[in-house]
**Q** 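Structure below; questions to follow.
It should be emphasised that the depicted structure is a prediction, and the values quoted were computed from it without experimental measurement.
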Amino acid sequence: MQALTHGGHEVRLESRVRTYLREPSPQTLAEIRARCSEEVAALARRWTVEGPADLWFSYHPYYKAPDLIGPEIATQFGIPYVTCEASYSAKRDRDDWKVAQQLLKDGLRGARLNLCFTDRDRKGLGAVVDKTTLFDIKPFTDVSNLQRTKSRTQTAAGALITVAMMRDGDKFDSYRMLAASLGRIVDLPWHLTIVGTGPKENEVRGLFAPLPRSRLTWTGEVAVEEISTHLSKAAIFVWPGCGEAYGLAYLEAQAAGLPVVAQNTAGVPSVVVDGETGLLVPEGDVEAFGRAMRDLIVNPSKADHFGRRAQQFVFNERSVEHAASRLNVLLSTLLDEATPVSR
């Protein structure tokens, strides 16, 4: 919404009806569909009086949260329907999610544009929608409150930092890999600041228990505006990124001038440039992750070079302003089909 507004568009949040399904449930889905039908009817009545929007923009529809409002209202009023960061996984066609999955596919197939943040999402959607509707928009973040330059004169080469929720699943797996990798480089003078908390905090702390306590600082939960302060005191951002859709934390760290060590997995390569803004290692390779951290700790000039390039990368290519420009080009195709746009 911020990027669209920056691009000169009037943006309205037209509905707060939530379609999220925690578990597959025919009864709950039926109730959600009924609420959405009521919402469409209410919107239609209002739009008939006030006039419709120029287009409907839906963010992140997927099998647990299909958009059951946008496609219907867009069809009724003959306006373009656009999705951004939609995702599709074929395995959901064959399990208890197949009804919700079908509703997702029906909506995606009616979209004039499906905007993709990652190659993984593009490939998934390409199996079920017209590929001519698929366009790329790179993950971006707000850099307005971040400093453009960073001095490392007071930053130790081994000052590591990670920022992440402590919850089960991929996040816990990343913490497990990070702790194991740090165990491979205890001979180096590193110190890790861990920013975050969550329901698995005790278990996460247990993963790091074999490491010297003096090497770790646990900040717990901090205000959003304080994260940049912690980042400014570090030299390297370390986070494996198991199963990450892409990870905005990587962009925030790079905007603060930090090189990244992560895995070459999922959507991480869409926000970290391997060998340029950080180092990406093979998925699940604990030894390689440790070697990558060692490389940047013992070669501070290399880390500084990556950090400077990382900051340029985010400010110049992944800012709200850059995204606004890209969105304007993409949305203009709905009004002028003759405009050539790179996919």
**Q** Could you give me the CA-CA distance, side-chain angles and deciding distance for Leu327 and Leu115, then say whether side chain to side chain contact (heavy atoms under 4.5 Å, CB included) is met?
**A** CA-CA 9 Å; Leu327 282 168; Leu115 309 181; 3.8 Å; yes
**Q** Taking the side chain from Lys131 and the backbone from Gly126, do they hold a donor-acceptor pair closer than 3.5 Å?
**A** yes
**Q** If only atom types and distance count, is the side chain of Arg46 paired as donor or acceptor with the main-chain N or O of Ala42 below 3.5 Å?
**A** no
**Q** Is any side-chain heavy atom of Phe57 closer than 4.5 Å to a side-chain heavy atom of Cys84?
**A** yes
**Q** Could you report the tightest heavy-atom contact between Ala3 and Ala323, atom names first, then the distance?
**A** CB-CB, 4.3 Å
**Q** What closest approach, in Å, do Ala90 and Arg94 show between heavy atoms, and which atom pair accounts for it?
**A** O-NH1, 3.5 Å
**Q** What's the shortest heavy-atom distance between Arg184 and Arg294, and which atoms?
**A** O-NH2, 3.4 Å
**Q** Determine, using the 4.5 Å side-chain heavy-atom cutoff (strictly less than), whether Tyr250 and Met165 are members of one ILVMFWY cluster.
**A** no
**Q** Checking side-chain contact (heavy atoms from CB on, under 4.5 Å) between Ile236 and each of Leu192, Thr162, Ile297, which is the one that passes?
**A** Ile297
**Q** Linking I/L/V/M/F/W/Y whenever any side-chain heavy atoms sit under 4.5 Å apart, do Val82 and Leu13 land together?
**A** yes
**Q** Per the side chain to side chain donor-acceptor pair (under 3.5 Å) rule, which among Lys98, Gln102, Gln101 passes with Asp93?
**A** Gln101
**Q** Salt bridge check, Arg35 against Glu39: does any charged N sit closer than 4.0 Å to a carboxylate O?
**A** no
**Q** Which distance, rounded to the nearest 0.5 Å, do you find between the CG of Asp285 and the CE of Met177?
**A** 6.5 Å
**Q** Starting from the C-alpha separation in whole Å, work towards a yes-or-no answer on side chain to side chain contact (heavy atoms under 4.5 Å, CB included) for Ile161 and Leu231.
**A** CA-CA 7 Å; Ile161 189 171; Leu231 291 172; 4.0 Å; yes
**Q** To the nearest 0.5 Å, how far apart are CG in Leu4 and CD in Glu10?
**A** 12.0 Å
**Q** Could you pull out the closest heavy-atom pair between Pro300 and Ala157, with the gap in Å?
**A** CB-CB, 4.1 Å
**Q** Is Leu211 linked to Val238 within one hydrophobic cluster, defined over Ile, Leu, Val, Met, Phe, Trp and Tyr using a side-chain heavy-atom separation of less than 4.5 Å?
**A** yes
**Q** Check this for me: does any side-chain nitrogen of one of Arg122 and Asp119 sit under 4.0 Å from a carboxylate oxygen of the other?
**A** no
**Q** Are Glu244 and Lys171 close enough for a salt bridge, meaning some N to O gap below 4.0 Å?
**A** yes
**Q** If we ignore hydrogens and angles and just use 3.5 Å, is the side chain of Gln254 paired with the main-chain N or O of Val271 as donor and acceptor?
**A** yes
**Q** Provide the closest heavy-atom pair for Ala44 versus Phe77 in the form atom of the first, atom of the second, distance.
**A** O-CZ, 3.6 Å
**Q** Between CG of Leu188 and CG of Leu182, what distance do you get to the nearest 0.5 Å?
**A** 10.5 Å
**Q** Could you give me the CA-CA distance, side-chain angles and deciding distance for Cys242 and Gln263, then say whether side chain to side chain contact (heavy atoms under 4.5 Å, CB included) is met?
**A** CA-CA 7 Å; Cys242 299; Gln263 295 178 100; 3.3 Å; yes
**Q** Determine yes or no for a side-chain-to-main-chain donor-acceptor pair under 3.5 angstrom, with Ser181 supplying the side chain and Val286 the backbone.
**A** yes
**Q** Check whether Tyr175 reaches the backbone of Ala164 with its side chain - one donor and one acceptor, N or O, closer than 3.5 Å.
**A** yes
**Q** Heavy-atom distance under 4.5 Å between the side chains of Pro269 and Leu280, does that happen here?
**A** yes
**Q** Give a yes or no on this: more than 12 heavy atoms of other residues, nucleotides or ligands lie within 6.0 Å of atom CZ of Arg33.
**A** no
**Q** Is any side-chain heavy atom of Thr19 less than 4.5 Å from a side-chain heavy atom of Asp67?
**A** no
**Q** Do Trp56 and Leu330 share a hydrophobic cluster, counting only Ile, Leu, Val, Met, Phe, Trp and Tyr and linking them when any side-chain heavy atoms are less than 4.5 Å apart?
**A** no
**Q** Within a reach of under 6.0 Å around NE2 of His305, are more than 12 heavy atoms found that belong to other residues, nucleotides or ligands?
**A** no
**Q** Please assess Arg309 against Glu317 for the test salt bridge (Lys or Arg N to Asp or Glu O under 4.0 Å), listing each intermediate value before the final yes or no.
**A** CA-CA 11 Å; Arg309 178 64 188 99; Glu317 302 178 35; 3.4 Å; yes
**Q** Could you tell me if the side chain of Gln76 sits less than 4.5 Å from the side chain of Val40, heavy atoms only?
**A** yes
**Q** Should Met293 and Val281 count as side-chain neighbours, where that means a heavy-atom distance under 4.5 Å?
**A** no
**Q** Just checking Asp54: does its CG atom have more than 12 heavy atoms from other residues, nucleotides or ligands closer to it than 6.0 angstrom?
**A** no
**Q** Is there a donor in the side chain of Ser87 and an acceptor in the side chain of Asp121, or the other way round, less than 3.5 Å apart?
**A** no
**Q** Using 0.5 Å steps for rounding, measure from the CG atom of Asn264 to the CG atom of Leu279.
**A** 11.5 Å
**Q** Could you tell me the separation between the NE2 atom of His9 and the CG atom of Asn328, rounded to the nearest 0.5 Å?
**A** 3.5 Å
**Q** With a 3.5 Å distance limit and no angle check, can you tell me whether Gln311 reaches the backbone of Ala255 through a side-chain donor-acceptor pair?
**A** yes
**Q** Quick one: do Val163 and Phe172 end up in the same hydrophobic cluster if we chain Ile, Leu, Val, Met, Phe, Trp and Tyr together by side-chain heavy atoms under 4.5 Å apart?
**A** yes
**Q** Is there a side-chain contact between Arg318 and His322, using heavy atoms and a 4.5 Å cut-off?
**A** no
**Q** Checking Trp97 side chain against Tyr63 main chain: does a donor-acceptor pair fall under 3.5 Å?
**A** no
**Q** With the side chain counted from C-beta on, respond yes when Arg92 and Lys105 share a heavy-atom pair under 4.5 Å apart, and no when they do not.
**A** no
**Q** Tell me, do Val17 and Leu68 make a side-chain contact under 4.5 Å, heavy atoms counted?
**A** no
**Q** How long is the straight-line distance from CZ of Arg326 back to CG of Leu331, given to the nearest 0.5 Å?
**A** 10.5 Å
**Q** Please report the closest heavy-atom contact between Phe140 and Ser319, naming both atoms and the distance.
**A** CB-O, 3.8 Å
**Q** Starting from the C-alpha separation in whole Å, work towards a yes-or-no answer on side chain to side chain contact (heavy atoms under 4.5 Å, CB included) for Phe135 and Asn114.
**A** CA-CA 6 Å; Phe135 289 82; Asn114 289 293; over 6 Å; no
